[in-house]
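Quick notes on the structure that follows.
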Amino acid sequence: MNRIYSHLDEINMIGKLADLKDSHYNQSLVLSSLIQVLIDKGVITAQDLQLKSKELDAALTPNPNRTGAHPIS
């Protein structure tokens, strides 16, 4: 009985993973479309987007060299 339950759990997990992948694809498609429309309409430039992405990445990425940060030993 325990073995069957384990297989059903695995099948369920695979289904959830497939759903997440599908959702991720759809969200990426919408985001890419939105960005392209904003660029096409002249609201933003690709350079603006690239600069902001770098700024946000730097702000959100842990950096042990920043003041107040605790380096991992």
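Every heavy atom of this structure was used, including side-chain atoms; hydrogens, water molecules and symmetry mates were not.
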Output the distance between atom CG (L17) and atom CE (M13), rounded to the nearest 0.5 Å.
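It is 9.0 Å, given to the nearest 0.5 Å.
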
Once you round to the nearest 0.5 Å, how far does CG of L56 lie from NZ of K54?
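Rounded to the nearest 0.5 Å, the CG-NZ separation comes out at 13.0 Å.
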
If we count only N and O atoms by modelled type, under 3.5 Å, do the side chains of S6 and D9 hold a donor and an acceptor together?
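No, no side-chain donor-acceptor pair sits under 3.5 Å.
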
Would you indicate whether the side-chain heavy atoms of [Y] and [X] approach each other to under 4.5 Å?
{"X": "N12", "Y": "K16", "answer": "yes"}
{"X": "I39", "Y": "T45", "answer": "no"}
{"X": "K52", "Y": "E55", "answer": "yes"}

So which atom in I35 and which in L49 form the shortest heavy-atom distance, rounded to 0.1 Å?
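Minimum heavy-atom separation between I35 and L49: CG2-CD2, 3.3 Å.
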
Of all the heavy-atom pairs spanning D57 and T61, show the shortest one and how long it is.
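Minimum heavy-atom separation between D57 and T61: O-OG1, 2.5 Å.
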
Is it possible for you to say whether V37 and L31 belong to one hydrophobic cluster, with membership spreading through side-chain heavy-atom contacts below 4.5 Å?
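Unlinked, V37 and L31 end up in two clusters.
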
Can you list every side chain to side chain donor-acceptor pair (under 3.5 Å) pair that touches residues 22-32, not counting sequence neighbours?
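Found S23-Q27.
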
